[in-house]
Amino acid sequence: MKLALASAPASVESARKQPAIQVSNLSIVFDTRRGQTIAVDRVSFDVAPGEFICIVGPSGCGKSTVLNTIAGLEVPFEGDILVEGSRVYSPRPDVGMVFQQPHLFPWKSVRRNIAHGPRMLGKSRTEANAIADDLIAMVGLKRFADAYPNTLSGGMQQRVAIARALANQPRVLLMDEPFGALDAQTRAVMQDNLLELRDRIKATIVFVTHDIDEAIVLADRVLIMSAGPGRILREVAVKLPRPRSNSVMVEPTYLSLKKDCLDVIRAEGLRAFNQSDAS
Amino acid sequence: MQEGTSARQEIALRTDGRGRRPDSARLRRLNILVGALSLPLFIGLWELVSRSGAVNMVLFPPPTVVAAAVLEWIRSGQFLGDLLASLFRVTTGFIVGGLLGILLGILTGQFPVVSSLLSPLFHILRPIPPIAFVPIVILWFGLSEAGKLFLVVWGVFFTVWLSTHIGVQKVDRGLIRAALMLGTPRRQMLQEIVLLGALPYIVVGLRTAVSISFYTLVAAELAGAFAGIVYRIEIAQQNLQTGQVMGGLAALGLISFAADRLFSALAERTVWWR
């Protein structure tokens, strides 16, 4: 591999000392016309270096807000967020992000899109293009290096977006429902691609989705969130072997994990339903 | 996915082969024929009506008389002078008004303070037809070239300003967030993202401004000039040279048509990623 995208933790011990991400007592309150809405309520979790966690929850549970806050995009919050040991106030190049929409720069070719980050960090055009070309090969888009985004399919665009986020060699990669807008087949392929990619880049990944299957297939650990206000209901460790692929979905371990998750979600749904009934 | 497309194309071809294609081909050939006949037919009819005696030939001269007037116009050397004078006003006014419009559009689009300061004023001034400014322009500038440029600049500016302003405001916030996450400094956001994001809107504004610059040119030259296509039309009218008037109108039509075509060809290249 030509590219060392993020160095693995120096030792297991130092990894234990400092999580890649520490979220403690994170609360986010939005001002609305009818007063204040608590979007996220005292959420705390740690992510170990190199760990892959998925946050699942219904739409509107604040999972994307949590992710944006870690990215430094959501400004006012209460609590504490440490990434690689330092506080987050604004976007930083060691934290990469992939959004639900690819948000590629339409006026730049695939190569230039991916080279954008390194260019902004002061790399020369030649260096940036070399980084881009390595990543283009990694996501399997060699034939499309000079194509413009509007000529690519949704899945290919999202692959470019992932490559672009990796170009700055982030230690933390945040993914906000990146496959949410894709059809089922493309989605399965993308999940496999990401699993493969992940084994090579060794970055810490926080992946937000509302799809439990996707969460279990991808993650080392799944955080299940509830809506209104957003809280973490349960953490489920996914003890499925790696390297993994989409086909783990038929294994008994997988199915029992999924049942655990569904039970939590069903209980929460019932509670919310009864609450709204009573009020 | 590619297979699906080709299968669909195949079906489309087969249905066409079943009889729709000859029909549509015949229709297309007929359309081309009618299109080719349009102008000659129109000119022939005009010639006939003019010479039939049903209308006054002095006020409604036939195309042959118009053509003779135009030839004389060109031979006398006045045409070149008129053409250059008009083109100078249009292009200079367009460039100055366009640049001002883009500059201020970026400022009001990007900085809310500037927008609060200028937008109310611009929105009041913008709907006033530039022609309405002719009297005051004559007071201010007399019959000088500056007054004519002022009118064209005025007309072009507001169109380009508004479309640039809207373009800057409509730049996809997602692109800006993505750029921020990639380490793009905020002060570089304008050149890296905003300008290019607004470019399609700016180009549309400029293209609309091409025809506006010709409208205002007419007002400017009617207000008093010493050369120019519209000036020549006015002089010919005063001398009852109706052929020359019509020739002038045709020349004006041709020039603004050519300008519009030229600009749309340029515009396509400006937004290169489409």
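Bear in mind the structure is a predicted one, so any value in this text is a computation, not a measurement.
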Chemist: Where is the tightest heavy-atom contact between G183(B) and M120(A), given as atom of each residue plus distance?
Modeler: O-CB, 3.7 Å
Chemist: Please classify the contact between R164(A) and chain B as side chain, backbone, both or neither, with a heavy-atom cut-off of under 4.5 Å.
Modeler: both
Chemist: For Q188(B), does the CD atom sit with more than 12 other heavy atoms under 6.0 Å from it, leaving out its own atoms?
Modeler: yes
Chemist: Could you tell me whether the side chain of L182(B) reaches within less than 4.5 Å of the side chain of M97(A), counting heavy atoms only?
Modeler: no
Chemist: Identify which of L180(B), V271(B), D172(B), I193(B) forms the greatest number of heavy-atom pairs closer than 4.5 Å to chain A.
Modeler: I193(B)
Chemist: Between atom CH2 of W107(A) and atom CG of L175(B), what is the distance when rounded to the nearest 0.5 Å?
Modeler: 5.0 Å
Chemist: Quick one: do K108(A) and E192(B) make a salt bridge, cutoff under 4.0 Å?
Modeler: yes
Chemist: So do the side chains of F105(A) and W273(B) get within less than 4.5 Å of each other, counting heavy atoms only?
Modeler: no
Chemist: Around atom CZ of R92(A), are there more than 12 heavy atoms from other residues, nucleotides or ligands closer than 6.0 Å?
Modeler: yes
Chemist: Quick one, R177(B) and H103(A) - any side-chain contact, counting heavy atoms below 4.5 Å?
Modeler: no
Chemist: If you draw a 6.0 Å radius around CZ in F141(B), do more than 12 non-hydrogen atoms from other residues or ligands fall strictly inside?
Modeler: yes
Chemist: Which is it for M181(B) and L73(A) under the side chain to side chain contact (heavy atoms under 4.5 Å, CB included) test, yes or no, and what are the steps along the way?
Modeler: CA-CA 9 Å; M181(B) 289 311 296; L73(A) 289 169; 3.9 Å; yes
Chemist: Taking atom CZ as the centre, does R173(B) end up with more than 12 heavy-atom neighbours from other residues, nucleotides or ligands that are less than 6.0 angstrom away?
Modeler: yes
Chemist: Counting heavy atoms not belonging to R126(B), are there more than 12 under 6.0 Å from its CZ?
Modeler: yes
